[in-house]
Amino acid sequence: MDINFTPEEQAFRKEVREFLQNNLPQELSDKVLNHKELTKNDLVRWQKILYTQGWAAPGWPKKFGGPGWTPVQKSIFEEETALAGAPPLLPFGLAMVAPVIMNFGSKEQQERFLPPILSADAWWCQGYSEPGAGSDLASLKTRAERQGDKYVVNGQKTWTTLGQYADWIFCLVRTDPNAKKQEGISFLLIDMNTPGISVRPIQLLDGGHEVNEVFFDNVEVPAENLVGEENKGWTYAKFLLGHERSGIAGVGRGKMELRRLKQIASKEQKNGRPLIEDPSFRATIARIEMDLDALEMTDLRVTAAVQSGQSPGPEASMLKIRGTEIRQEIYHRIREAVGPYALPFQPQALQGETDDAVAPDYALSSAPTYFNNRKLTIFGGSNEIQKNIISKMILGL
Amino acid sequence: MDINFTPEEQAFRKEVREFLQNNLPQELSDKVLNHKELTKNDLVRWQKILYTQGWAAPGWPKKFGGPGWTPVQKSIFEEETALAGAPPLLPFGLAMVAPVIMNFGSKEQQERFLPPILSADAWWCQGYSEPGAGSDLASLKTRAERQGDKYVVNGQKTWTTLGQYADWIFCLVRTDPNAKKQEGISFLLIDMNTPGISVRPIQLLDGGHEVNEVFFDNVEVPAENLVGEENKGWTYAKFLLGHERSGIAGVGRGKMELRRLKQIASKEQKNGRPLIEDPSFRATIARIEMDLDALEMTDLRVTAAVQSGQSPGPEASMLKIRGTEIRQEIYHRIREAVGPYALPFQPQALQGETDDAVAPDYALSSAPTYFNNRKLTIFGGSNEIQKNIISKMILGL
Amino acid sequence: MDFSLTDEQRMLQDTVERLVQDQYGFEQRRGYMQAEGGFTREMWNQMAELGLLGVPFPEEIGGFGGGPIETMLVMEAFGKGPVLEPYVATVTTAGQLIADAGSDAQKEAILEPMVGGELILAFAHGERDNRYSVTQVSTRAERGGSGYKLTGHKAVVLHGDSADKLVVSGRTSGDTMDAEGISLFLVDADAKGVSIQGYPTIDGLHAAEVKLDGVEVGEDALIGQEGKAADLIELTQDRGALAVCAEAVGAMTMACDMTLDYLKQRKQFGVPIGTFQSVQHRMVEMRIELEQARSATMKAAAKLAGDSAAERRHAVSVAKHQVGVGGRFVSEQSIQLHGGIGMTEEYALAHYAKRIAMINNQFGDADYHLDRFAADMEVPETA
Amino acid sequence: MDFSLTDEQRMLQDTVERLVQDQYGFEQRRGYMQAEGGFTREMWNQMAELGLLGVPFPEEIGGFGGGPIETMLVMEAFGKGPVLEPYVATVTTAGQLIADAGSDAQKEAILEPMVGGELILAFAHGERDNRYSVTQVSTRAERGGSGYKLTGHKAVVLHGDSADKLVVSGRTSGDTMDAEGISLFLVDADAKGVSIQGYPTIDGLHAAEVKLDGVEVGEDALIGQEGKAADLIELTQDRGALAVCAEAVGAMTMACDMTLDYLKQRKQFGVPIGTFQSVQHRMVEMRIELEQARSATMKAAAKLAGDSAAERRHAVSVAKHQVGVGGRFVSEQSIQLHGGIGMTEEYALAHYAKRIAMINNQFGDADYHLDRFAADMEVPETA
């Protein structure tokens with residue numbers, strides 16, 4: 001048993017770190033590290049920088065233009081980019097639809113769809129959830145009727161993250177209304193510019209516009225955009241949900257946010273001294289760091305198991321639960337650390353118009369970030385659902 | 001709205017306090033305040049002292065020899081006796097079987113059974129739980145077959161608290177095996193000296209002998225010992241469970257234990273100074289006191305509602321949940337406060353043989369008390385069951 | 001001991017609850033927020049007409065003659081809006097402070113117009129680095145000419161952008177951290193040298209940064225005794241704390257009720273999600289936190305009405321700590337149990353959840369009150 | 001990075017697990033407890049024969065040549081007993097301390113017999129008021145004649161009543177709270193002036209109060225450098241902490257497994273209680289705490305094997321804190337989910353639950369390690 005990284009892995013970390021030092025624009029890391037709003041251009045710009053380096057798709061095999069990294073390398077890359085304040089790589093194209101296309105799509109689909117995902121020329125979004133189908137995804141109702149060489153789609157998707165920018169959406173649609181719940185679902189790729197699609201923004205409680213409703217009104221989709229077999233979509237959906245679990249603990253992100261908390265607590269005052277010197281606040285931070293430290297080891301254990309060929313399986317649910325709890329605790333404590341200055345609501349300042357800003361970015365973003373990240377325990381399978389999964393899969397209850 | 005006690009109530013508190021100063025033997029309060037073992041004699045002795053004063057049965061109406069107190073007076077009495085370190089009044093006779101006999105028993109039963117309960121001349125225990133019927137009490141199996149003017153009882157009860165000293169046991173028994181679960185149950189009073197009864201001690205993890213199994217092997221019980229109607233026992237059981245909820249929050253006891261925690265933390269050292277001056281331990285104590293302070297008000301609100309004629313109902317479940325959580329937290333912190341001296345296991349010292357004691361009573365009793373009081377959230381309807389009750393009765397879920 | 005309300009209290013409660021129920025619908029509230037300063041003068045005037053702005057003041061000046069209990073009743077009902085108007089700023093903090101310690105001239109000039117809705121006040125004590133401190137004041141009030149000259153920066157002044165007059169704390173002697181040497185002044189919002197930058201807060205209210213650049217005020221602007229304001233500031237902050245605790249209880253009640261409704265209606269896997277036991281137990285825990293918050297707030301109100309400062313500090317800290325910790329639980333879990341819909345601005349729940357959470361950042365957060373309580377905590381003698 | 005075990009490690013693990021499985025049944029264990037000192041010499045000798053007492057020592061003296069990882073493997077398996085023998089006292093703390101810092105003569109006299117099972121040791125550092133402190137030592141070691149004279153009271157010395165020799169800390173200079181001036185001595189348990197009062201501990205082990213009343217020892221009793229023992233004591237306590245963390249992981253595994261079994265078998269309301277969702281989720285949380293404890297313990301073992309004292313302190317504190325807090329949760333909830341049966345002495349669960357809980361009172365509790373971690377905590381520079 002050796003918990004240290006191999007010399008090769010350490011060299012890889014150094015390489016990533018140096019690359020980030022030389023290539024991550026400070027303008028971007030400043031936005032990320034202060035929780036300022038990232039534009040579509042910011043996200044695309046960063047992915048294109050990585051693309052030039054061959055690192056845009058950490059999880060892809062070499063065959064499709066990925067770097068062919070081991071799970072440990074992926075984990076190192078994720079940690080280093082998070083710590084450096086790199087913008088996130090959006091999962092919808094790279095980590096969600098792409099693996100499905102790689103594994104179940106036709107050669108034509110692979111050639112057509114994968115390269116623009118890699119190069120950030122196509123922006124994808126996810127069409128899974130519906131108003132009546134959240135945790136109980138299989139009860140989805142959006143219909144796709146086969147008419148000759150096309151499908152006609154009617155229905156509604158919701159919680160479509162950053163769908164307002166999307167070129168494409170991958171959808172679960174019901175193709176056989178008479179089959180049992182999980183059967184009769186198909187996996188369809190739909191051009192967002194098709195007539196009949198409309199996108200309605202959902203404003204979130206932090207003031208941001210991050211998610212959308214997407215409506216389909218007799219939208220015609222070429223049959224060639226069906227992935228795999230008709231009515232087998234649930235299989236692909238399950239594959240997708242089970243596939244991309246690496247990084248689910250968010251340890252790198254957690255470390256970055258913990259560092260921010262410490263920095264903020266060093267700047268903010270309590271009774272005339274830095275807040276971080278207050279014994280009880282310091283102990284609160286220490287407790288979080290201890291939890292995160294243990295989680296990092298759990299994450300590495302799972303990563304090592306994957307590396308040696310085991311499936312991460314439901315252990316990933318544990319990582320998701322604890323990782324999101326820790327992150328939410330950090331956001332709460334940051335909001336607490338800034339005291340009354342968590343109150344001012346100046347979204348324009350977080351978009352770059354800082355003339356009227358009444359407090360540092362970290363204070364102005366503290367409450368919006370806290371509220372926005374309530375999503376961590378809701379989206380992507382709520383923590384309650386994760387506990388059900390563990391209960392069933394590991395414990396056999 | 002006036003949260004202060006009336007002048008009459010304040011005078012009553014003074015009266016109770018003075019009585020305790022003059023009549024509570026220090027020998028007894030020393031045992032209680034240090035969690036040393038109370039003998040049967042200790043408990044009887046204290047009840048007889050109260051009996052002389054007319055206070056042995058705080059919940060009884062005057063008609064049966066009780067003091068006829070209001071709910072607020074009862075609450076004051078409970079708090080003051082707890083704070084003074086008086087031994088508890090065991091509920092099995094006074095607060096459990098007696099109200100059932102008062103409400104559903106015959107005049108003969110009332111005249112025969114109530115006076116010795118009041119004077120501590122008869123020791124009662126409870127025959128409810130069975131190995132297969134805990135939270136799901138109605139699935140009990142102990143059979144009572146009517147044969148002429150007697151019942152023949154066969155079966156087993158368990159978790160019978162202090163049954164080793166009991167003269168009488170009140171039992172739920174199944175008199176109609178063909179009826180539905182809750183129907184076909186009767187409420188029977190059984191003399192513990194009847195042939196066929198055997199008591200087996202259950203040793204608990206703290207080393208103490210507090211609960212028992214009671215076996216019934218063709219035990220003959222006179223039919224006149226049936227309370228109320230045959231097969232209506234479930235009604236009386238529910239009455240009993242719903243009746244004596246006063247004091248369920250244990251606020252007085254909680255205050256007494258909190259005072260002990262503070263005293264212990266004042267005596268124990270950390271880094272050469274009293275532990276209570278350590279900022280984080282002090283904050284831990286403060287948090288408990290705050291929770292208890294809020295609970296006291298909630299308890300008073302419920303008491304006042306009862307006083308004005310409302311039923312305490314499921315609100316009592318909230319008091320039970322929070323009250324037991326607070327008590328358990330105190331016991332944990334006392335165990336923590338004494339450091340390594342929580343380890344020595346010297347039950348003989350807690351029984352009075354203190355020659356070999358390697359630490360003060362409060363240290364030696366810290367771990368046994370902590371472990372023993374895991375029962376608080378299990379017995380008397382586990383906290384999970386309490387949450388189910390609230391969920392169903394208040395929330396309608 | 002008597003937890004029932006007097007007839008007058010019950011009428012007051014009914015009045016405010018009806019106002020909120022009838023005129024604080026979700027869409028109505030969104031409309032009010034668009035007005036300058038984040039609330040409408042119409043509603044403020046209506047509150048004045050109903051006598052709400054006079055609740056804690058004597059009847060001689062048009063008040064209701066109420067105390068902290070009445071404030072609690074008003075604020076709890078307001079929490080069900082949650083209401084946007086500058087009630088705590090004007091009435092509970094600045095207004096009561098003047099009623100307590102103002103000169104006769106000050107009272108005459110301020111209180112009646114304030115009760116009538118014509119004058120809005122704000123309590124400008126906080127500063128950039130003082131967090132929730134009572135006595136950390138760096139704003140200087142130098143004697144000069146026929147009065148004082150104020151220089152400093154007052155931070156996150158609730159409704160400071162709507163105020164006609166500000167109650168400002170400034171140091172007439174001593175250093176930033178000294179308990180002695182703090183004084184209070186009545187300052188016109190449009191006085192020379194005052195600049196006010198207002199902004200919305202994330203929970204839908206308003207606040208302002210108030211900069212004082214050599215603002216000259218007369219002798220008659222001093223409230224109470226020079227250099228002796230610390231106790232009054234603490235009392236004022238405790239009053240503010242009680243008011244927002246009661247508001248939190250109202251908002252927590254709504255969050256619990258909305259969540260319970262949702263649990264009964266929303267179906268997943270073919271059944272209402274309220275049939276899942278882990279969800280039921282969470283809901284029970286939310287209700288327990290609510291009841292504990294209600295109890296602690298009632299006690300704090302009673303102790304604010306009493307004359308022991310120690311008991312008041314104790315009870316207010318218990319309440320504000322409970323509202324901080326228990327409110328966080330209710331706010332977060334009400335969103336969690338709603339799922340995505342609970343995070344949307346178009347749905348009322350989010351607004352209650354935000355207000356409950358942000359109340360922790362006003363008048364001392366849970367840590368602040370834990371510190372204060374622990375420092376004061378009674379330790380029995382050891383035998 | 002490689003979490004797999006070497007063949008040798010796996011064999012060691014198998015050996016110990018088999019020993020515990022075959023010979024530490026519930027009734028067997030109850031029998032062993034009746035022996036003097038709370039364990040049997042037969043089992044101790046068997047451990048010696050299996051080479052377990054030599055795990056962390058070099059092969060030259062009959063050891064296994066292992067490190068902290070191997071100690072972790074042994075102790076985790078021991079936790080499934082939980083095992084009663086004085087392994088931590090003899091091997092992990094006192095034994096390793098002598099191997100590290102003892103003179104050649106001391107090593108020769110102690111280690112081989114110890115590895116062979118002929119010599120039991122104990123680490124006598126704690127005192128009545130020093131809680132878990134490394135450096136708070138009031139026992140005096142005065143120079144005199146041809147050696148030292150020890151006077152003091154050593155508290156809750158694990159297995160002190162079985163020890164043939166004690167490693168005792170005493171102050172050769174300075175005051176009780178000084179970090180400097182602490183020395184370590186090897187003292188015969190039957191030396192004149194030593195009185196030992198043994199007793200069982202509530203978790204089924206044994207400890208003792210050791211009183212030293214002018215105990216005279218020679219120069220050759222000094223272990224390491226005079227006055228410089230603080231670092232060695234801290235290292236020794238950290239080794240003890242790691243050992244009991246691993247033991248806790250083993251015991252928590254058993255508590256989780258027994259609870260899971262119970263949830264599947266025990267029926268209430270006609271169904272297994274494991275079908276209730278709130279019970280399921282509690283069980284999930286217990287498992288998460290267990291996995292976190294396992295992870296933190298692995299890291300602590302790895303860092304004890306490294307050469308950075310700072311990293312060792314950091315990792316050991318994370319592990320012991322996690323075992324303190326998460327262990328409490330697992331211990332309490334395993335009882336809770338069992339209901340009454342979980343509280344009975346006749347049922348194995350109670351013994352795991354007790355051992356897990358009491359491990360918090362050894363080698364620094366959760367608060368101690370939180371304090372140490374927080375004091376050491378790295379704070380990044382602010383931009």
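For a residue to count as touching a neighbouring chain, one of its non-hydrogen atoms must lie under 4.5 Å from one of that chain's; by this rule C/Phe269 touches chain A with backbone and side chain alike. For a residue to count as touching a neighbouring chain, one of its non-hydrogen atoms must lie under 4.5 Å from one of that chain's; by this rule C/Asp371 touches chain A with the side chain only. Proximity to chain C (any heavy atom under 4.5 Å) is shown, for A/Pro279, by neither the backbone nor the side chain. Contacts between C/Gln136 and chain A at a heavy-atom distance below 4.5 Å involve the side chain alone, from C-beta outward. Only the side chain of C/Arg266 comes within contact range of chain A, with at least one heavy atom under 4.5 Å from a heavy atom of that chain. When heavy atoms are compared at a cutoff of 4.5 Å, A/Leu137 does not approach chain C at all. Neither the backbone nor the side chain of C/Ala208 comes within less than 4.5 Å of any heavy atom in chain A. Residue A/Asp356 touches chain C through both its backbone and its side chain, counting heavy-atom pairs closer than 4.5 Å. Both the backbone and the side chain of C/Met343 come within contact range of chain A, with heavy atoms under 4.5 Å apart. Interface remark: A/Lys387 contributes no atoms to any contact with chain C (heavy atom separation under 4.5 Å). Heavy atoms of C/Gln362 lying under 4.5 Å from chain A belong exclusively to its side chain. Heavy-atom distances place the side chain of A/Phe379, and not its backbone, under 4.5 Å from chain C. If you measure heavy-atom distances from A/Ser135 to chain C, the contacts under 4.5 Å come from both the backbone and the side chain. The parts of C/Asp129 that come within reach of chain A are both its backbone and its side chain, each placing non-hydrogen atoms under 4.5 angstrom from that chain. Using a 4.5 Å cut-off between heavy atoms, C/Ala155 touches chain A through backbone and side chain atoms alike. For C/Phe363, no part sits under 4.5 Å from any heavy atom of chain A, backbone or side chain.
The greatest number of non-hydrogen atom pairs below 4.5 Å with chain C, out of A/Leu205, A/Thr284, A/Thr158, is found for A/Leu205. The residue among A/Arg374, A/Lys375, A/Gln269 with the most heavy atom pairs within less than 4.5 Å of chain C is A/Arg374. Of the listed residues (A/Lys181, A/Glu268, A/Gln346), the one with the most heavy-atom contacts under 4.5 Å to chain C is A/Glu268. Chain A forms more heavy-atom pairs under 4.5 Å with one residue of C/Asn361, C/Ile335, C/Leu370, C/Ile273 than with any other, namely C/Asn361. The candidate from C/Arg328, C/Gln197, C/His206 with the greatest count of non-hydrogen atom pairs under 4.5 Å with chain A is C/Arg328. Between chain A and the options C/Ala366, C/Gly339, C/Gly342, heavy-atom pairs under 4.5 Å are most frequent for C/Gly339. The greatest number of non-hydrogen atom pairs below 4.5 Å with chain C, out of A/Ala138, A/Pro347, A/Ser382, A/Gly134, is found for A/Gly134. Counting heavy-atom pairs under 4.5 Å between each of C/Glu332, C/His338, C/Met177, C/Glu209 and chain A puts C/Glu332 at the top.
Donor-acceptor pairing under 3.5 Å is lacking for the side chains of C/Asp367 and A/Ser280. Defined by atom type and a distance below 3.5 Å, a donor-acceptor pair is missing between the side-chain atoms of A/Gln126 and A/Thr160. There is no side-chain donor-acceptor pair under 3.5 Å between A/Gln328 and A/Asn373.
Between A/Arg200 and A/Phe215, the closest side-chain pair of non-hydrogen atoms falls below 4.5 Å. Side chains of C/Met258 and C/Tyr347 form a contact here, defined as non-hydrogen atoms less than 4.5 Å apart.
Closest approach of C/Arg29 and C/Gly81 over heavy atoms only: CD-O, 3.8 Å. Closest of all the heavy-atom pairs between C/Lys320 and C/Ile359 is NZ-O, 2.8 Å.
When ring centroids are compared, C/Phe276 and C/His281 stay outside the 6.0 Å threshold. Here the two rings, on C/His351 and C/Phe26, have centers that are under 6.0 Å apart.
Distance check: A/Ser129 OG to A/Gln156 CD gives 11.0 Å after rounding to the nearest 0.5 Å.
Under the 30°/60° scheme for interplanar angles, the aromatic rings of A/His332 and A/Tyr370 are found to be tilted. Ring orientation note: the planes of A/Phe170 and A/Tyr128 are nearly perpendicular, at an angle over 60° on the 30°/60° scale.
A cation-pi arrangement is not found for C/Arg313 relative to C/Phe373, the charged atom failing to lie both closer than 6.0 Å to the ring centre and inside a 45° cone about the ring normal.
Applying the 6.0 Å contact sphere to CD of A/Glu353 captures no more than 12 heavy atoms from other residues, nucleotides or ligands.
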